[in-house]
Novice: 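Quick one: this structure, given as structure tokens, is what I'll be asking you about.
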Amino acid sequence: MRHLLGLQDLSPQEIEGILRTAAAIKAGDLNVSGSLRGRIVVTLFFEPSTRTRTSFELAARRMDAQVVHFDVGTSSVVKGESLLDTIYTLEAMGVDLLVVRHQASGAAHFISRHTGCAVVNAGDGMHEHPTQGLLDLFTIQEHKGCIEGLRVAIVGDILHSRVARSDLFGLTKLGAEVTLCGPSTLLPRDRSGEGSLPLHGVRITDSLDEALEGADVVIALRLQRERQQSGLIPSLAEYTRFWGIDASRLSRCKPDVLVMHPGPMNLGVEILPSAAYGPWSVIREQVTNGVYVRMAVLYHLLAKGGENQPQGITEAHGGATDRSLLPVGRR
Amino acid sequence: MRILIKGGRVIDPANHLDGAADVLIENGRIAEIGHGLAARGAQVIDARDCIVCPGLVDMHVHLRDPGQTHKEDLSSGTLAAVRGGVTSVACMANTDPPIDHPTVVEYVRSRAKQVGRARVYPVAAVTKGLRGEELSPIGSLAAAGVVALSDDGRPVMSAGLLRRAMAYARMFKLPIVSHCEDLTLSEGGVVNEGPIAAVLGLKGIPAIAEEVMVARDLLLAEDTGAHVHIAHVSTAGSVRLLREAKRRGVRVTAEVTPHHLALTEEALQGYDANFKVNPPLRSRGDVEALLEGLQDGTIDAIATDHAPHAIEEKLVEFDRAPFGVIGLETLLGVVFTVLVLPGHLSEVQAIRKLTVNPSRILGIPRGTLSPGAEADIVIIDPQREWTVTPEGLASKSKNSPFLGWRLRGKAVTTIVGGEIVYSDQGENSGFVEVPPTTGRDLCRDIEEVAQ
């Protein structure tokens, strides 16, 4: 693995490998401090994102990398420098790894084709946000032990959501049954009017109750306020009425359902406090796990030699289904 | 000056001709087609195992001149044309300034006379500045020698304005070439709406954005009696609408591009902007419908929509890259490789859609080997295999979706007005670039057309 551009490009084994590493780091069985000493990681964010950027910076610092933030707002980008030239410039300065957030789908792919640095996609347009996908998988796995066979509902603005895509690719690769749910104007479609994702194990519905029926996991997506302004939904209130997730609607799910949200939440729009702060919610754990998962990704891209699994991890902990890695009890 | 083309398979769909024959050119015109013609001092071209047919007519080309000559100009664009076997091009109006005034028409024509290798037929804007607000001086433009009207690249969104344009254009016997795209349906889209767009996270342009406008334009053509030509048809629904309209007797013709026939949306997987075109590459089912449309005559012509863009313009984020691909030099190779070789079209059918049909749509006296006609001829080696490389392209721009493709079929000699303007002797021999003949008026027939 040279870059992490999206979960669509990874094999189930590669995904499981990263999750195992993350689990080992979290459990203290793999000491990665110092493993990136002398390496330079640049966070290159063309879109503002404090949360993801901070998570990456903390992850890199805990591994003793030098972390530099490239401030797009004050750089030559505002003077009309092309993306390609920005990349060439950073590469010439001797950067090892670029963490890229960009508003254009495919931007991380584009960059990876033109640089020798490792590239981690921290969100490209409406395409993918693979570390968010991985941390969601990690969090689900911690609680459920195994992804295979789980029923997962992803609810919200599927059409424009990079989180939805990474979750979808990751979950289906590991054998989950995914239902995508939202208003028809925010769902991918083709001319037949039906859902149109060429993936196995994916259902698409506009009915929230149908999506939540028997679900093991519910992932609520952030609803961008622009969607209402651009006429894709009539009003936020109407959205909340039909697709907002609260405690009463969760009653259709399995009793031990997990409620997740990639943040930042619009409380009272796509998710209500009764769900966000209820006993099912693992939203804060997602944030915690994000740092471990990003450390694992950096480890796989920069520290680990070649394509081999880190020594001892697979054997010592028995992989994804090892219960010893699960937190004791539930909140 | 006499040229004798000996021993080729002569295909001239305009005259229902297909068979072994020699072609004699005298004084720039076709003198005789027959068997065993004697050289009598003529320059002899050996065309054994080759097809000899009218020079191709590409009715949809962006030459970028005036105003965007870093992408292409009248010299490089017509050189690319003749290297692809194209002897006449209709050049679109979205230049800078646009071709919306007789002065700009005059510039294009006189500049083409000076530096052009192929014949250049300007297409003028339907509306002033391509803004879709008021009619351009259509009568004056017709008198200046334009062959059609089009705001190509920008649809005329107002049905009322387009209806008036059609009624007006009809008086001057000019077809309106319509770029069918409802901007309220395509807004912000960059690829075909469907599963590929969904997975790539790119905004889709639905098929219906094209079909709504095809339906509208067909109704307006029926209402006004004007001749509407639908540019770059890309969807199964458009083909169906066209087929029905033709059956009803609506004055409509249509073209399809080689890239919409040879490629599908699958090509977008790697976010390569060299596959970003408008209309977008569609689905497998759409391609099949386009092939049927070609076969049953619903689609009359194959045209490239040659749209050069500089390397740095395409080497950006996918959303920011301009739409369009070049196509003049790959036209023949792609048509032969993708349509003729697998048996979708016969050589005669393919050549008809590349010669006489576009000529008739534009009302120009090209695409024929009739004795007395000006000798615009291409000699095609249908067996010649060649690889598309950026270095091998004469166009100023290299934004071809076929880079790296191995094609079978190539123009080996191109003749315009009885003069050899291009001759290719082998894959690696480069090409013989014949300097443009200054003074010879490649546009002179436009006066005939205008009258």
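Excluded from the calculations below are hydrogen atoms, water molecules and symmetry mates; all remaining heavy atoms, backbone and side chain alike, are included. Here is how names work: the chains are called A, B, and so on, in the same order as the sequence lines, proteins then strands, and each is numbered from 1.
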Novice: For atom CG of B/Leu183, is the number of surrounding heavy atoms from other residues, nucleotides or ligands below 6.0 Å larger than 12?
Specialist: yes

Novice: Taking every non-hydrogen pair under 4.5 Å, which of A/His102, A/Gln103, A/Arg162 racks up the most with chain B?
Specialist: A/His102

Novice: Can you check whether B/Asp272's main-chain N or O pairs, donor with acceptor, with A/Arg113's side chain at less than 3.5 Å?
Specialist: no

Novice: Assess whether atom CE of B/Met157 is packed by more than 12 heavy atoms of other residues, nucleotides or ligands within 6.0 Å.
Specialist: yes

Novice: Under 6.0 Å from the CD atom of B/Gln269, do we count more than 12 heavy atoms belonging to anything else shown?
Specialist: yes

Novice: Only counting residues at least two apart or in another chain, list the ones meeting salt bridge (Lys or Arg N to Asp or Glu O under 4.0 Å) with B/Arg131.
Specialist: B/Glu133

Novice: Please report the interatomic distance CD(B/Glu317) to CG(A/Leu84), rounded to the nearest 0.5 Å.
Specialist: 9.5 Å

Novice: Restricting to non-hydrogen atoms, name the atom on A/Arg165 and the atom on B/Val199 that form the minimum distance, rounded to 0.1 Å.
Specialist: CD-O, 3.7 Å

Novice: Report, by ascending residue number, the residues of residues 122-129 of chain A in heavy-atom contact with chain B at a distance under 4.5 Å; give 'none' if the set is empty.
Specialist: A/Asp124, A/Met126, A/His127

Novice: CZ of B/Arg248: more than 12 outside heavy atoms within 6.0 angstrom?
Specialist: yes

Novice: Looking at B/Leu315 and A/Phe110, what are the two nearest heavy atoms and their distance?
Specialist: O-CZ, 3.3 Å

Novice: Looking only at heavy atoms, which two atoms of B/Leu200 and A/Ser105 are closest? And how far apart?
Specialist: O-CB, 3.6 Å

Novice: Please state whether the side chain, the backbone, both or neither of A/His160 comes within less than 4.5 Å of a heavy atom of chain B.
Specialist: neither

Novice: Under 3.5 Å, side chain of B/Arg320 to main-chain N/O of A/Ala104, donor-acceptor pair present?
Specialist: no

